[in-house]
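Chain identifiers are assigned alphabetically (A, B, ...) following the order of the sequence lines, protein sequences preceding nucleic acid strands; residue numbering begins at 1 within each chain. Hydrogens, waters and symmetry mates play no part in the numbers below; they use all other heavy atoms, side chains included.
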2 protein chains.
Amino acid sequence: MNEHESSSALLKAAGLRATQPRLRVLSILEDSTYPLSVADIASMLKRPSVDQVTVYRTLETFVQAGIVQHLELHQGRSYFELATREHHHHLVCRSCGRVEDVEGCEMDSMEKKVVKKSKHFSTVSSHALEFFGDCKTCVQTR
Amino acid sequence: MNEHESSSALLKAAGLRATQPRLRVLSILEDSTYPLSVADIASMLKRPSVDQVTVYRTLETFVQAGIVQHLELHQGRSYFELATREHHHHLVCRSCGRVEDVEGCEMDSMEKKVVKKSKHFSTVSSHALEFFGDCKTCVQTR
DNA sequence: TAGCACTTGCAAACGGTTTGCAAGTGCTAT
DNA sequence: ATAGCACTTGCAAACCGTTTGCAAGTGCTA
Ligand SMILES: [Mn+2]
Ligand SMILES: [Mn+2]
Ligand SMILES: [Zn+2]
Ligand SMILES: [Zn+2]
């Protein structure tokens, strides 16, 4: 089974039609080593192009199906990456936007403390954590 | 020195003119126990009203002056709170948007680990951390 | 291979935020 | 106290990422 066939199977297993736009978006996400914005993905989809609206809808569909994770890294823009990875966070360059994975989350104990101390909440179901800095390239250029 | 005078002095110390809109926005932030959105603040400014654009510019000015902190709690909306507080994080209700402070940040050691493991970054200057859950009121209502 | 439901493209709407510009106001120097 | 200027404000409109409506297109099933 080649990769096209397996992607197709993945979509069908999720109850989704294996359409051209979906297969191509999935392939782009599989090839990327960092989270991508909708604009990133749309700009990689040429010949034939895929409408940006279709990219939005495809990603939303993938999120609902649990195939993709939606991230809010900075300034109100949405980023997406495959959900097949272990829970992790990101390190973002304030200057160029470069994103690097941060493995190893140690928030479990803190979440418990948060619940214990909270007045208005009895459960904490998730958290968002990003680190910010300037990447070596940007530090050098300055 | 009453509170109006001290607010006025605070602004002047930052090299800012103590205008009516600025004094009123500052007072609203001082009175709030949780971060406020621009819409929140604008809706509290009646008789006479203050244009939403002015609220945006005032908050941006305050952020530059280090008086106010800009938070991105969840997609598409900016929140602001006084920067005079100790570093802390927030617990946000996914259902109604209620926000509660979370005191006690334990990220220092994790930031060091992140830097040590990073390939492309040599410093981490800050982090954003929010916890999400459903507040007791929303859990009950469901 | 035909038919239908699901999916896509296009245009337009949306909502938070930013910008341009003329009118207004706080501050400083008289 | 007042005049003058720079800074600030209000209003209208632009901006930009995202969402929605609808007709045309396409994957899947029978
Ligand atoms: Mn990642
Ligand atoms: Mn707070
Ligand atoms: Zn985590
Ligand atoms: Zn912290």
Side-chain angles (χ1 to χ4, degrees), chain A residues 4-28 35-65 67-68 70-80 97, chain B residues 4-28 35-65 67-68 70-80 97:
Chain A
H4 176 99
E5 279 166 5
S6 70
S7 293
S8 191
L10 170 63
L11 293 180
K12 287 179 185 166
L16 302 173
R17 290 188 182 176
T19 67
Q20 287 308 314
R22 284 174 181 172
L23 289 168
R24 293 172 68 201
V25 169
L26 188 54
S27 159
I28 285 171
L36 299 173
S37 69
V38 172
D40 289 337
I41 295 169
S43 74
M44 294 178 196
L45 289 167
K46 300 297 177 194
R47 276 176 288 283
S49 71
V50 173
D51 195 285
Q52 189 140 309
V53 172
T54 299
V55 177
Y56 275 106
R57 292 199 264 229
T58 297
L59 290 167
E60 171 61 14
T61 299
F62 286 178
V63 168
Q64 296 305 1
I67 296 169
V68 158
H70 180 183
L71 308 175
E72 297 180 19
L73 296 183
H74 53 180
Q75 56 204 52
R77 257 227 222 18
S78 292
Y79 288 80
F80 299 85
Chain B
H4 176 100
E5 280 166 5
S6 69
S7 293
S8 192
L10 170 65
L11 294 180
K12 286 178 185 165
L16 302 173
R17 291 189 182 174
T19 67
Q20 286 309 313
R22 284 175 182 170
L23 289 168
R24 292 172 69 201
V25 168
L26 188 54
S27 158
I28 285 171
L36 299 173
S37 69
V38 172
D40 289 337
I41 295 169
S43 76
M44 295 177 195
L45 289 166
K46 300 298 180 196
R47 276 178 285 284
S49 71
V50 173
D51 195 284
Q52 188 142 312
V53 172
T54 298
V55 177
Y56 274 107
R57 294 199 263 228
T58 297
L59 290 167
E60 171 60 14
T61 299
F62 286 178
V63 169
Q64 296 305 359
I67 296 169
V68 157
H70 180 182
L71 308 174
E72 296 182 16
L73 295 183
H74 47 237
Q75 174 103 6
R77 247 204 206 57
S78 292
Y79 287 80
F80 300 86

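Summarising the geometry, the separation between CD on B/Glu60 and P on C/dG16 is reported as 19 Å, rounded to the nearest angstrom. Whole-Å rounding puts the B/Lys12 NZ to C/dT28 C1' distance at 12 Å. To the nearest angstrom, C1' of D/dC15 lies 16 Å from CD of B/Gln52.
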Fill in the dot-bracket string of DNA chain D, one character per base: . for unpaired, | for a pair to another strand, ( ) or [ ] for pairs within the strand, taking Watson-Crick or G-U pairs under 3.5 Å. ||||||||||||||||||||||||||||||
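Within the 4.0 Å cut-off from OP1 or OP2 of C/dT18, not a single side-chain nitrogen or oxygen of B/Tyr56 is found. Between A/Thr19 and D/dT26 there is no side-chain polar atom (N or O) within less than 4.0 angstrom of OP1 or OP2. In terms of phosphate contacts, B/Arg77 brings a side-chain nitrogen or oxygen within less than 4.0 Å of OP1 or OP2 of C/dG16.
In terms of polar N and O atoms assigned as donor or acceptor, the side chain of A/Arg57 comes within less than 3.5 Å of the base of D/dG21 in a complementary pairing. No hydrogens or angles were tested; on distance alone, nothing pairs the side chain of A/Arg22 with the base of D/dG27 as donor and acceptor under 3.5 Å.
Between B/Ala39 and A/Thr58, the one whose closest nucleotide on DNA chain C sits nearer the 5' end is A/Thr58. Mapped onto DNA chain D by nearest heavy atom, A/Val38 and B/Thr61 fall at different nucleotides, with B/Thr61 at the one closer to the 5' end.
Heavy-atom minimum distance, B/Asp51 versus B/Val53: OD1-N, 2.7 Å. When all heavy atoms of B/Leu11 and B/Ala18 are compared, the pair lying nearest together is CD1-CA, 3.9 Å.
The side chain to side chain contact (heavy atoms under 4.5 Å, CB included) test with A/Leu36 singles out one residue from A/Leu59, A/Val25, A/Ile28, A/Leu71, and that residue is A/Ile28.
Considering only side-chain atoms of A/Arg17, the nucleotide from C/dG26, C/dC10, C/dC6 that sits closest is C/dC6. Candidate nucleotides C/dC10, D/dA12, D/dG27 were compared by shortest atom distance to the side chain of A/Gln20, and D/dG27 ranks first. When distances are taken from the side chain of B/Asp51 to each of D/dG10, D/dT9, D/dC28, the shortest belongs to D/dG10.
Put simply, the side chain of A/Ser27 never gets that close to the backbone of A/Leu23: no donor and acceptor are under 3.5 Å apart.
Contact of the B/Thr58 side chain with the B/Ile41 side chain is not registered, since no non-hydrogen atoms from C-beta on lie closer than 4.5 Å.
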